[in-house]
4 protein chains.
Amino acid sequence: MTAQLFFDINTSNGVPVYEQVARQIVSAIASGGLNAGQMVPSVREMAKELAINPNTVSRAYRQLQDNGVLETVRGSGIAVSSGAKAKCKSMRSQAIGQRIAHVIVEARQSQLSDDEILKMIQSEMRKKHP
Amino acid sequence: MTAQLFFDINTSNGVPVYEQVARQIVSAIASGGLNAGQMVPSVREMAKELAINPNTVSRAYRQLQDNGVLETVRGSGIAVSSGAKAKCKSMRSQAIGQRIAHVIVEARQSQLSDDEILKMIQSEMRKKHP
Amino acid sequence: MTAQLFFDINTSNGVPVYEQVARQIVSAIASGGLNAGQMVPSVREMAKELAINPNTVSRAYRQLQDNGVLETVRGSGIAVSSGAKAKCKSMRSQAIGQRIAHVIVEARQSQLSDDEILKMIQSEMRKKHP
Amino acid sequence: MTAQLFFDINTSNGVPVYEQVARQIVSAIASGGLNAGQMVPSVREMAKELAINPNTVSRAYRQLQDNGVLETVRGSGIAVSSGAKAKCKSMRSQAIGQRIAHVIVEARQSQLSDDEILKMIQSEMRKKHP
DNA sequence: GTGGTCTAGACCACC
DNA sequence: GTGGTCTAGACCACG
């Protein structure tokens, strides 16, 4: 059966829309909301649902197919590959790792010491999750 | 007098060059390496130093003028505004804080605990700065 | 939908072209000729229309984005922000008010009475707009 | 004898410094603070007094000489021409007229009616001179 | 010498 | 198609 997904797309926060779609699919698979063998919505359907351009959905799907997370099932659509769950979990933490690394580089460019950076992080963590 | 600054520009990390220049000036002011009343290097000089186009430097400077961090002294150059230090300190920590908060939100969305996030951060810090 | 605008650009009055473009967009929004959510003409289209360089248009648009008057819709164009109308009205009257105040100060410094100033103004108005 | 003048120069308000010097000399002559036959301070002296570049003073003087307001007295310096007072008075009001015209054009470009413009002017007049 | 503006044209990512 | 960035080079006003 086709999964029912609830994504939120933000077209004005700088993150590419196709990237948002791909991330949210990965996240859904990693969290078990979407399982191996299930079909994802068709490109047209998904595009209509999210009110975005079909090309954008298509690009997200293609990227996930290249990753082996999704695979086309001839004549019926696009499905979650077997073994996708583990892969998505690792992709997710790898992605986070990259963004963390990026922030660290930027903070160091701003001449902050690692101690100061850690303090800011802990302060931010408390702020949103007291 | 004109400050001597040492910037490193990375033209392939996605962050616009003019933005990198602006940030590093803000950092220099926040850290006291550049003080109110001092002149920043001339557009042409800075461009030569960083091996980038003068227009790019100019754009960075203009952005900081719009922020009130720099101001042009007609016919003579561009100087750090009075009161820029406090402003730059707050700009710097606000900017980094935002990026940190953003990463934390993403990490939590991926169902990582704060402890796990912190471990990833420390691991990343060691990786590039052992 | 994209608005149809009629601007006049004067390249020899000392006012930067990008500033003239920005002002006239602000005016159009303030006057209701351009409404929140509407797209402004594309950079290339506007440049062609006004016979100026796309970069110049781009600079005008960027300035208005920094002001929060416009915002880019990724991959599709640039739109008038919600709440722009009130902002533009206040920007417009503030800008003109400042210029008026400036002239009045200068006129008074030249020891003209307010009555004399008003007479000059009315005479100037008739001169170009009989 | 050489006149003692009290000028205030603002190097960051967009008005060229040489223009400020010239205007203030014209104004002083029109108001009778500086009379035909009197010497103006030497370029060097004036530059030192105002803490500006001698070239700038020189440019202001040259402009006024071209206007016939000042004239060089061989071997002794630069003096106010005879007949300068009337000329300066007319220059002053002509300059004001131009600036008024300019503001009117800009206000009209902002789609304000002449009535609205007049109202803004009267409001500004009251604001600073109640 | 300085900054500011403008043009021309290239390349990129995104939709 | 869209905007964004960057380069290269010209011209101008100012000090």
Side-chain angles (χ1 to χ4, degrees), chain A residues 9 11-12 14-21 47 50-60 63, chain B residues 2 9 11-12 14-21 39-47 50-63 65 70-79, chain C residues 2 9 11-12 14-21 39-47 50-62 65 70-79, chain D residues 9 11-12 14-21 43 47 50-60 63:
Chain A
I9 297 298
T11 59
S12 59
V15 182
V17 176
Y18 76 90
E19 184 68 26
Q20 295 182 48
V21 174
L50 303 179
I52 61 181
N53 191 304
N55 287 328
T56 306
V57 177
S58 188
R59 177 161 177 182
Q63 180 174 308
Chain B
T2 300
I9 296 298
T11 57
S12 59
V15 182
V17 175
Y18 73 87
E19 184 67 28
Q20 296 182 48
V21 174
M39 307 300 284
V40 296
S42 83
V43 168
R44 291 164 175 86
E45 193 182 339
M46 177 73 98
L50 302 179
I52 61 180
N53 190 288
N55 281 328
T56 304
V57 177
S58 192
R59 179 163 176 186
Y61 283 2
R62 195 187 321 131
Q63 180 173 308
Q65 291 177 45
L70 299 180
E71 57 193 14
T72 92
V73 182
R74 294 178 63 84
S76 118
I78 298 182
Chain C
T2 299
I9 296 298
T11 57
S12 58
V15 182
V17 176
Y18 73 87
E19 183 67 28
Q20 296 182 48
V21 174
M39 307 299 286
V40 295
S42 81
V43 169
R44 291 164 174 88
E45 194 182 339
M46 177 72 98
L50 303 179
I52 60 180
N53 189 288
N55 282 327
T56 304
V57 177
S58 192
R59 178 163 178 184
Y61 283 3
R62 194 187 320 131
Q65 291 178 45
L70 300 180
E71 57 192 15
T72 92
V73 182
R74 294 178 63 84
S76 116
I78 298 181
Chain D
I9 297 297
T11 59
S12 57
V15 183
V17 176
Y18 76 90
E19 184 69 26
Q20 296 183 47
V21 173
V43 168
L50 303 179
I52 61 180
N53 191 306
N55 286 328
T56 306
V57 177
S58 187
R59 177 161 179 182
Q63 179 174 309

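The chains referred to below are lettered A, B, ... by the order of the sequence lines, with proteins before strands, and numbering in each begins at 1.
Atom CD1 of Ile9(A) is separated from atom P of dC14(E) by 14 Å (rounded to the nearest Å). Here dA13(E) presents its P atom at 13 Å from CD of Gln63(A), a figure rounded to the nearest Å. Between the CG atom of Leu70(B) and the C1' atom of dT2(E) there is a distance of 15 Å, rounded to whole Å. Taking atom CD of residue Glu19(C) and atom P of nucleotide dT5(E), one finds them 9 Å apart after rounding to whole Å. Atom CZ in Arg74(C) sits roughly 15 Å away from atom C1' in dG1(F) (whole-Å rounding). Protein atom CG of Leu50(C) is 18 Å distant from nucleotide atom P of dT5(E), rounded to whole Å. We find that CD of Gln20(C) is positioned 12 Å from P of dT5(E), with the value rounded to whole Å.
Between dG15(F) and Tyr18(D), no contact under 4.0 Å exists linking OP1 or OP2 to a side-chain N or O.
No donor-acceptor contact under 3.5 Å links the side chain of Asn55(C) to the base of dG4(F). Contact of Arg62(C) with dG4(F) (side chain to base): no donor-acceptor pair of N or O atoms is detected under 3.5 Å. Residue-to-nucleotide contacts include a donor-acceptor pair under 3.5 Å from the side chain of Arg44(C) to the base of dG3(F).
Looking at Leu50(B) and Val17(B), their side chains never come closer than 4.5 Å, going by heavy atoms from C-beta outward. Within the 4.5 Å cutoff, no side-chain heavy atoms of Tyr61(B) are placed close to those of Ser42(B). With a 4.5 Å cut-off on side-chain heavy atoms, Gln65(B) and Ile78(B) count as touching.
Residue-to-nucleotide proximity on DNA chain F shows that, of Thr11(B) and Thr11(D), the 5′-proximal contact is made by Thr11(B). Between Gln65(B) and Thr56(C), it is Gln65(B) whose nearest contact on DNA chain E lies nearer the 5' terminus. Between Arg59(A) and Ile78(B), the residue whose closest nucleotide on DNA chain E is further toward the 5' end is Ile78(B).
Among the nucleotides dC15(E), dT7(E), dG15(F), the one closest to any side-chain atom of Pro16(D) is dG15(F). Across dT2(E), dC6(E), dC15(E), the shortest atom-to-atom separation from the side chain of Ser42(B) is found for dT2(E). Taking every side-chain heavy atom of Thr72(B) into account, dG4(E) is the closest of dC6(F), dG4(E), dC14(F).
Within 4.0 Å (heavy atoms only), Asn53(D) reaches sugar-phosphate atoms of the nucleic acid but no base atom. Residue contacts for Val17(B): at a heavy-atom cut-off of 4.0 Å it reaches the sugar-phosphate backbone alone, with no base atom in range.
A side-chain donor-acceptor contact under 3.5 Å links Gln20(A) to the backbone of Val15(A).
dG4(F): Watson-Crick or G-U partner is dC11(E), with both key distances under 3.5 Å.
Here the CG atom belonging to Leu70(C) is positioned 10.0 Å from the CE atom belonging to Met39(C), to the nearest 0.5 angstrom.
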